[in-house]
Amino acid sequence: MKKKLIVVAGPTASGKSTLAVSLCQKLGGSVISCDSMQVYKNLDIGSAKITPEEMGGVRHYLIDVADPKDPFYVARFQALANEALSDIYSRNELPVLCGGTGFYINSVLYNTDFTEEGKDESLRQKLSEFASEHGNHALHEKLKDIDPVSYETIHENNIKRVIRAIEYYEHTGEPISAHNEAERKKESPYDFVFFLLTDDRQKLYARIDRRVDAMVSAGLYDEVKRLYDLGLRQNDISMQGISYRQFMDCIEGKATFAETVERIKLESRHYAKRQMTWFRRQEGAIVLNRTACGGTDEGVLDAALRIISERGFCD
RNA sequence: GCCCAGAUAGCUCAGUUGGUAGAGCAGAGGACUGAAAAUCCUCGUGUCCUUGGUUCGAUUCCGAGUCUGGGCA
């Protein structure tokens with residue numbers, strides 16, 4: 001018998017956190033946040049982290065579990081999320097995976113295998129230098145013999161992917177394309193309902209703009225400045241998040257305050273678009289369009305609860 | 001009022017020695033399996049301001065007009 005869980009996914013500013021909390025309150029659950037930025041401590045305003053009040057007494061996992069100076073990545077996320085799942089199941093509660101990082105959600109939902117080997121910073125460094133010295137094309141050519149499938153599939157300018165493919169081969173002797181192919185075929189070990197929150201594009205974009213303005217009013221600049229003063233810089237993974245990156249530039253005088261705010265809005269829109277592209281291919285996703293649900297949190301919640309009940313998911 | 005410079009894609013502009021035009025940004029679509037808020041790929045027809053003229057042919061040259069900058073009064 002597969003264990004049950006609910007997923008609440010969607011682009012930034014689509015109302016995921018609110019729905020997840022409400023579902024937990026109604027159904028007796030806890031939230032596992034699937035967000036690559038909210039895992040970091042002290043990234044509160046800019047990551048749109050849920051506040052203790054907003055949690056409404058619902059337990060939240062995977063928030064504030066990493067130091068901004070430490071690199072965090074899927075494999076770590078997956079391990080912690082699996083611990084959280086056991087914890088939630090042991091209390092006979094329903095886990096609600098909620099977040100905008102599709103890659104993280106899938107790592108748990110399909111139990112992606114990351115155990116075979118680790119990452120190799122020095123090799124990555126070496127390959128990266130090779131690329132800047134000899135060009136992306138030359139680096140890409142290295143793939144030709146060891147992994148012809150990846151050679152065809154991965155664009156030569158996508159050096160992160162090219163590096164990873166080479167790294168994987170170096171450590172396992174197998175092409176990463178074969179590994180990925182196998183992982184893609186996996187069936188989820190869970191019995192789940194996948195909610196995909198969306199809204200009409202224009203409305204979503206307008207909500208993003210408003211939210212960025214609200215973040216700025218709430219003291220976003222000071223938050224980033226504090227991190228900057230702690231020694232965090234653009235090359236720290238935690239500072240690659242939208243808002244942090246742009247304000248780092250502002251602090252260093254590379255952009256004006258007004259330009260920075262506009263930039264953040266723009267990058268957030270682009271991000272939302274990428275998220276939609278990722279989630280759209282999710283098999284069996286139930287799309288909840290906010291406007292179609294009446295444009296309110298209550299409307300979205302009602303729609304979600306109706307589907308859960310129709311499916312007899314939580315009898 | 002006079003003089004000068006502009007007027008080309010949603011925006012900023014390039015260009016056409018006269019044969020109806022192309023970049024960046026925006027926007028749209030897509031990929032992604034140990035950096036993922038990261039990284040990467042694809043997509044550009046628009047009265048070339050209006051109107052006369054010259055010409056086989058004008059967005060391009062010439063004249064007039066309109067608008068927008070700037071300067072002089």
Side-chain angles (χ1 to χ4, degrees), chain A residues 9-13 33-40 43 46-49 66 68 70-80 99-121 123-125 127-128 131 136 139-140 150 152-168 170-172 175-186 201-202 205 208 211-212 215 234-248 259 262-282:
Chain A
T12 185
S33 168
C34 301
D35 186 296
S36 65
M37 286 298 139
Q38 297 186 7
V39 293
Y40 293 108
L43 273 66
S47 72
K49 196 180 286 171
D70 294 334
F72 195 88
Y73 41 91
V74 231
R76 274 184 74 186
F77 173 84
Q78 188 193 42
L80 292 172
T101 307
F103 190 29
Y104 281 15
I105 293 174
N106 282 9
S107 76
V108 176
L109 202 53
Y110 295 96
N111 199 27
T112 312
D113 178 17
F114 295 119
T115 56
E116 286 178 34
E117 48 86 53
K119 58 173 189 166
D120 183 337
E121 280 310 333
L123 178 62
R124 286 185 186 189
Q125 185 68 28
L127 292 172
S128 170
N136 296 349
L139 182 71
H140 189 245
S150 292
E152 288 300 321
T153 314
I154 304 173
H155 192 278
E156 64 179 31
N157 288 342
N158 204 345
I159 58 171
K160 272 190 187 182
R161 288 266 140 64
V162 175
I163 288 174
R164 169 94 261 259
I166 295 171
E167 175 189 59
Y168 189 89
E170 292 292 321
H171 282 252
T172 65
I176 196 170
S177 52
H179 175 255
N180 292 165
E181 180 62 26
E183 292 302 306
R184 251 192 295 269
K185 283 181 185 149
K186 271 184 166 175
R201 191 61 67 90
Q202 290 310 311
Y205 283 2
I208 287 172
R211 187 155 86 163
V212 172
M215 286 177 180
Q234 286 91 332
N235 55 353
D236 288 296
I237 295 178
S238 62
M239 291 300 107
Q240 288 179 5
I242 297 166
S243 292
Y244 298 97
R245 222 187 204 189
Q246 290 77 15
F247 265 117
M248 286 268 156
E259 283 166 354
E262 284 315 300
R263 193 80 216 164
I264 291 170
K265 289 175 180 173
L266 181 70
E267 295 293 343
S268 298
R269 292 199 289 269
H270 289 170
Y271 173 48
K273 203 168 156 320
R274 266 177 277 134
Q275 288 177 300
M276 284 309 298
T277 301
W278 176 284
F279 290 129
R280 267 195 284 243
R281 71 177 175 187
Q282 174 64 46

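Please read all numbers here as calculations on a predicted model, not as lab measurements. Quick note on labels: first sequence line is chain A, next is B, and so on, each numbered from 1. FYI, side chains are in, hydrogens and waters are out, and symmetry mates aren't considered; it's all heavy atoms of this structure.
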Does A:T277 make a side-chain N or O approach to OP1 or OP2 of B:rG30 shorter than 4.0 Å?
yes
Quantified in whole Å, what is the C1' atom distance between nucleotide B:rG15 and nucleotide B:rG27?
24 Å
Would you find a donor on one side and an acceptor on the other, under 3.5 Å apart, between the side chain of A:Q234 and the backbone of A:Q240?
no
side-chain N/O A:N157 vs B:rC41 OP1/OP2, d < 4.0 Å:
yes
Any chance you could lay out the side-chain hydrogen bond (donor to acceptor under 3.5 Å, both in side chains) test for A:Y271 and A:Q275, step after step, and finish with the verdict?
CA-CA 6 Å; A:Y271 173 48; A:Q275 288 177 300; 2.9 Å; yes
Looking only at B:rA28, B:rA37, B:rG34, the nucleotide nearest the A:R274 side chain is B:rA37
Whole-Å distance separating the CZ atom of A:F279 from the C1' atom of B:rG30:
16 Å
Phosphate oxygens OP1/OP2 of B:rC41: is one of them under 4.0 Å from a side-chain N or O of A:R161?
no
Using atom C1' in both nucleotides, what's the gap between B:rU59 and B:rG6 to the nearest angstrom?
15 Å
What is the ring orientation for A:F77 with A:Y104, classed by angle as parallel under 30°, tilted 30 to 60°, or perpendicular over 60°?
parallel
With A:E267, which of A:R263, A:K265, A:R269 fulfils salt bridge (Lys or Arg N to Asp or Glu O under 4.0 Å)?
A:R263
Identify whether any heavy atom of A:N106 sits under 4.0 Å from a base atom; if not, whether one sits that close to sugar-phosphate; answer base, sugar-phosphate or nothing.
nothing
Counting only Watson-Crick pairs (N1-N3 plus N6-O4 or O6-N4) and G-U wobbles (N1-O2, O6-N3), all under 3.5 Å, who is the partner of B:rG63?
B:rU51
Taking for each residue the nucleotide of RNA chain B with the nearest heavy atom, is it A:T112 or A:F72 whose nucleotide lies nearer the 5' end?
A:T112
Quantified in whole Å, what is the P atom distance between nucleotide B:rG10 and nucleotide B:rA28?
16 Å
Provide, to the nearest angstrom, the distance between the NE2 atom belonging to A:H155 and the C1' atom belonging to B:rG30.
13 Å
A:H270 side-chain N/O to B:rG27 phosphate OP1/OP2 under 4.0 Å
yes
Decide yes or no, distance alone: a donor-acceptor N/O pair under 3.5 angstrom between the base of B:rG27 and the side-chain of A:K273.
no
Would you say A:T112's side chain and A:V108's backbone share a donor-acceptor pair under 3.5 angstrom?
no
Give the nucleotide from the list B:rG34, B:rA35, B:rU33 with an atom nearest to the side chain of A:I237.
B:rA35
Find which nucleotide of RNA chain B each of A:W278 and A:R201 is nearest to by heavy atoms, and output the residue with the more 5' nucleotide.
A:R201
Kindly give the heavy-atom pair with the smallest separation between A:D70 and A:Y40, and that separation in Å.
O-CE2, 3.3 Å
Rounded P spacing from B:rC40 to B:rG46 in Å:
30 Å
Please state the C1' separation for the pair B:rG71 and B:rG29 - nearest whole angstrom.
49 Å
Tell me what A:Y40 touches on the nucleic acid: a base, only sugar-phosphate, or nothing, going by heavy atoms under 4.0 Å.
nothing
With a non-hydrogen cut-off below 4.0 angstrom, is A:Y244 in contact with a base, only sugar-phosphate, or nothing?
nothing
Could you give the distance from CE (A:M37) to CG (A:L43), rounded to the nearest 0.5 Å?
7.5 Å
Whole-Å distance separating the CD1 atom of A:I176 from the P atom of B:rU39:
19 Å
Considering every strand and a 4.0 Å limit on heavy-atom distances, what is the contact class for A:S47: base, sugar-phosphate, or nothing?
base
Under 3.5 Å on both distances, the Watson-Crick or G-U partner of B:rA23:
B:rU12
Picking from B:rA36, B:rU33, B:rG34, which would you name as closest to the side chain of A:N180?
B:rU33
Contact under 4.0 Å: A:Y205 side-chain N or O vs B:rA26 OP1/OP2:
no
Between B:rU33 (P) and A:K185 (NZ): distance, integer Å
16 Å
So, the side chain of A:Q38 versus the backbone of A:S47: is there a donor-acceptor pair under 3.5 Å, distance only?
yes
Which part of the nucleic acid does A:G102 contact within heavy-atom distance under 4.0 Å: base, sugar-phosphate only, or nothing?
nothing
Provide the Watson-Crick or G-U wobble partner of B:rA5, both distances under 3.5 Å; none if there is no partner.
B:rU68
Measuring to OP1 and OP2 of B:rA37, would you say a side-chain N or O of A:T101 lies under 4.0 angstrom away?
yes
Could you measure between the two P atoms, the one in B:rA7 and the one in B:rU50, and give it in whole Å?
13 Å
Give the rounded distance in Å between these two atoms: CD1 of A:I159 and P of B:rU39.
10 Å
Would you say the base of B:rA36 stacks on A:F103 (centre-to-centre below 5.5 Å, plane angle below 30°)?
yes
Side chains of A:R161 and A:S150 only: does a donor on one sit below 3.5 Å from an acceptor on the other?
no
Let me know the distance between OH of A:Y271 and P of B:rA37, rounded to the nearest Å.
4 Å
Can you tell me how far P of B:rG27 sits from CD1 of A:I208, to the nearest Å?
10 Å
Write down the partner of B:rU17 under the Watson-Crick or G-U wobble criteria, each distance required to be under 3.5 Å.
none
Tell me which nucleotide among B:rA31, B:rA35, B:rA37 gets nearest to the side chain of A:S36.
B:rA37
Send over the distance from A:F114 CZ to B:rA36 P, rounded to a whole Å.
11 Å
I want to verify a distance call: between B:rG29, B:rA37, B:rG34, whose nearest atom is closest to the A:E167 side chain?
B:rG34
Distance check, P atoms only: B:rC43 and B:rC4, in whole angstrom units.
45 Å
Closest to the A:R124 side chain, choosing from B:rG27, B:rU33, B:rG34
B:rG34
Candidates B:rU33, B:rA36, B:rU39 - which lies nearest the side chain of A:Y104
B:rA36
For nucleotides B:rU42 and B:rG24, find the distance between their P atoms and express it as a whole number of Å.
11 Å
Need one value for A:L266: base, sugar-phosphate or nothing, where a base atom within 4.0 Å counts as base even if backbone is also close, heavy atoms only.
sugar-phosphate
Which base sits across from B:rA28 as a Watson-Crick or G-U pair, both distances under 3.5 Å?
B:rU42
Base, sugar-phosphate alone, or nothing: which one does A:R76 contact when heavy atoms must sit under 4.0 Å apart?
nothing
